[in-house]
2 protein chains.
Amino acid sequence: MAHSHEAHHHERPRDLTRNQELVLTTLNNAEAPLSAYDILDKLRDEGLRAPLQVYRALEKLIEHGLAHRLESLNAFVCCADANCHGRASGTAAFAICSNGGRVDEFADPEVTARLAAWAGETGFALERTTIELRGRCAECRAA
Amino acid sequence: MAHSHEAHHHERPRDLTRNQELVLTTLNNAEAPLSAYDILDKLRDEGLRAPLQVYRALEKLIEHGLAHRLESLNAFVCCADANCHGRASGTAAFAICSNGGRVDEFADPEVTARLAAWAGETGFALERTTIELRGRCAECRAA
DNA sequence: GCGCGATATGTTATGACATTACGCTATCGA
DNA sequence: TCGATAGCGTAATGTCATAACATATCGCGC
């Protein structure tokens with residue numbers, strides 16, 4: 001099992017290894033999504049040298065619900081909500097600004113429900129859902 | 001403008017060039033999504049040699065609503081509905097079977113509406129939406 | 001028919017993203 | 001103490017996508 005202790009439905013930051021910590025901090029400090037190689041470049045000084053070190057850390061962070069992969073960008077962001085966003089309010093959706101690259105994470109229970117309903121009717125065993133919106137954010141439109 | 005003739009809101013197959021035709025046919029004959037390089041391999045005999053030839057054709061097919069890109073797979077499928085699915089029933093969603101790789105395309109107007117509503121409230125100028133479900137399809141679960 | 005713009009094409013080279021394979025180390029409980 | 005599990009480090013490779021440049025083709029106004 002993934003859980004080494006009980007009490008909550010996903011791990012807390014205290015479980016993180018050094019590499020995971022470094023990668024998470026990098027994502028937290030970023031204004032926009034970062035590719036694995038972006039992260040690697042930022043962590044050379046900390047001793048990271050190979051893409052795999054980053055990918056492995058990302059894999060765990062995503063498992064723990066602390067980060068997300070943006071499929072349409074091949075890039076990564078930290079979870080908006082630091083904690084439990086994923087399972088609490090349903091599937092996370094992402095609005096990605098084509099201009100600045102800024103990302104807004106949200107969840108719509110109705111959307112989650114409708115997709116689950118479709119899966120139920122169709123006999124599709126849903127494991128994971130990706131919802132990504134592309135467009136220009138309000139801030140960029142104003143400027 | 002992209003339109004050289006009026007009467008309909010996207011192009012019909014008759015507009016396709018040779019390369020576009022080849023790529024579309026390949027997608028139509030496929031049981032599962034194909035990567036650009038898969039397509040290229042299948043079209044070597046027809047004289048295609050470089051990835052770019054495939055990517056350029058795909059770009060146009062997608063513009064015309066005849067094919068879709070699956071972001072979570074970095075692969076492509078032809079539109080389920082041969083014609084107009086995109087704008088008619090709202091944003092297309094895809095259920096991708098982790099097992100066989102088979103893809104089921106559908107559209108849920110309520111989901112489309114909720115996402116559009118979120119965009120409206122937030123001032124996000126929505127350009128394109130990606131919805132991809134991963135899991136096991138009914139057929140594979142039965143087997 | 002000629003020239004022009006728009007679009008498609010072909011080719012080479014390169015860039016960006018991701019994983020396989022291998023070996024070593026640390027931790028933990030039987 | 002042994003073995004299982006998980007993490008780490010490195011090199012090599014695989015996969016996906018685009019830049020840059022040159023050439024060709026079509027429609028159309030003149």
Side-chain angles (χ1 to χ4, degrees), chain A residues 1-5 11 13-24 26-27 30 32-64 66-77 96 101 130 132, chain B residues 1-6 10-11 13-24 26-27 32-64 66-77 101 130 132:
Chain A
M1 284 309 287
H3 296 230
S4 58
H5 59 271
E11 314 300 296
R14 59 180 122 99
D15 294 55
L16 299 180
T17 66
R18 171 176 156 81
N19 285 1
Q20 288 162 22
E21 197 80 63
L22 286 168
V23 168
L24 182 56
T26 305
L27 285 178
L34 299 177
S35 76
Y37 281 75
D38 290 340
I39 296 170
L40 178 56
D41 286 342
K42 288 181 188 292
L43 291 176
R44 299 253 183 223
D45 292 347
E46 306 294 336
L48 271 70
R49 303 175 165 232
L52 202 48
Q53 297 176 284
V54 174
Y55 281 109
R56 288 201 271 229
L58 284 169
E59 184 184 6
K60 289 303 175 189
L61 292 174
I62 290 168
E63 253 180 58
H64 295 185
L66 298 169
H68 300 282
R69 176 187 174 89
L70 300 178
E71 299 288 355
S72 65
L73 237 41
N74 293 330
F76 304 84
V77 289
I96 303 165
T130 300
E132 297 177 18
Chain B
M1 283 307 287
H3 295 229
S4 57
H5 58 271
E6 45 356 310
H10 72 223
E11 314 301 295
R14 58 180 122 98
D15 294 55
L16 298 180
T17 66
R18 170 177 156 80
N19 286 359
Q20 289 160 21
E21 197 79 63
L22 286 168
V23 169
L24 182 57
T26 304
L27 286 177
L34 298 177
S35 76
Y37 281 75
D38 290 340
I39 296 170
L40 178 56
D41 286 341
K42 288 180 187 293
L43 291 176
R44 299 253 182 223
D45 292 347
E46 306 294 337
L48 270 72
R49 302 174 167 233
L52 205 47
Q53 297 176 284
V54 174
Y55 281 109
R56 288 201 272 229
L58 285 168
E59 184 184 6
K60 290 303 176 189
L61 291 174
I62 290 168
E63 253 180 58
H64 295 187
L66 298 169
H68 301 283
R69 176 187 175 89
L70 299 177
E71 299 288 355
S72 64
L73 237 40
N74 293 330
F76 304 85
V77 288
T130 299
E132 296 178 18

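So that the names make sense, note that chain A is the first sequence line, chain B the second, and so on, each numbered from 1. These figures come from a predicted structure and were not determined experimentally.
Using a 4.0 Å cut-off, no side-chain N or O of Asn74(A) falls inside it from OP1 or OP2 of dA16(C). Residue Gln53(A) places at least one side-chain N or O under 4.0 Å from the OP1 or OP2 atom of dG9(D). In this model, the phosphate group of dT11(C) is approached by a side-chain N or O of Arg49(B) to a distance below 4.0 Å at OP1 or OP2. Neither OP1 nor OP2 of dA6(D) sits under 4.0 Å from any side-chain N or O of Thr17(A). In terms of phosphate contacts, Ser35(A) brings a side-chain nitrogen or oxygen within less than 4.0 Å of OP1 or OP2 of dC17(C).
Map Pro51(B) and Asn19(B) each onto its nearest nucleotide of DNA chain C; the residue landing nearer the 5' end is Asn19(B). If Gly47(A) and Lys60(A) are placed on DNA chain D by their nearest nucleotide, the residue sitting closer to the 5' end is Lys60(A). DNA chain C is contacted by both Tyr55(A) and Gln20(B); Gln20(B) maps to the nucleotide lying nearer its 5′ end (nearest heavy atom per residue). Summary of the strand contacts: Leu73(B) and Leu52(B) both lie near DNA chain D, and taking for each the nucleotide with the nearest heavy atom, the more 5' one is attributed to Leu73(B).
The side-chain heavy atoms of Ile62(A) and Phe76(A), taken from C-beta on, include a pair separated by under 4.5 Å. Looking at Leu22(A) and Ile39(A), their side chains never come closer than 4.5 Å, going by heavy atoms from C-beta outward.
Rounded to whole angstrom, the span from the CZ atom of Phe76(B) across to the P atom of dT15(D) amounts to 16 Å. One interatomic measurement links the two molecules: CG of Leu58(B) to C1' of dA8(C), which rounds to 15 Å at whole-angstrom precision. Distance, Leu40(B) CG to dT18(D) P: 15 Å, rounded to whole Å. Between Arg18(B) atom CZ and dT7(C) atom P the separation is 22 Å, expressed in whole Å. Atom CG of Leu34(B) and atom P of dC16(D) are 11 Å apart (whole Å). Separating the CD atom of Glu46(B) from the P atom of dG10(C) is a distance of 12 Å, rounded to the nearest angstrom. The interatomic distance linking Asp15(B) (CG) with dT7(C) (C1') rounds to 13 Å, in whole Å. Between the C1' atom of dA8(C) and the CD atom of Glu63(B) lies a distance of 13 Å, rounded to the nearest Å.
For Tyr37(A) and dC17(C), the ring-to-base geometry satisfies the stacking test (centroid distance below 5.5 Å, interplanar angle below 30°).
The residue Arg56(A) sits close to a base: some heavy atom pair falls under 4.0 Å. As judged by a 4.0 angstrom heavy-atom cut-off over every strand, Leu48(B) is placed among residues making no nucleic acid contact. Among the atoms of the strands shown, base atoms are found under 4.0 Å from some heavy atom of Ala50(A).
Side-chain polar atoms of Ser72(A) and Glu132(A) form a donor-acceptor pair below 3.5 angstrom.
Checked against Thr26(B) for a side-chain contact (heavy atoms from CB on, under 4.5 Å), the options Glu46(B), Glu21(B), Lys42(B) give a single hit: Lys42(B).
Expressed to the nearest 0.5 Å, how far CD of Gln20(A) lies from CD of Gln53(A) amounts to 12.5 Å.
Note on Glu63(A) versus Lys60(A): salt bridge recorded, some NZ/NE/NH1/NH2 to OD/OE distance being below 4.0 Å.
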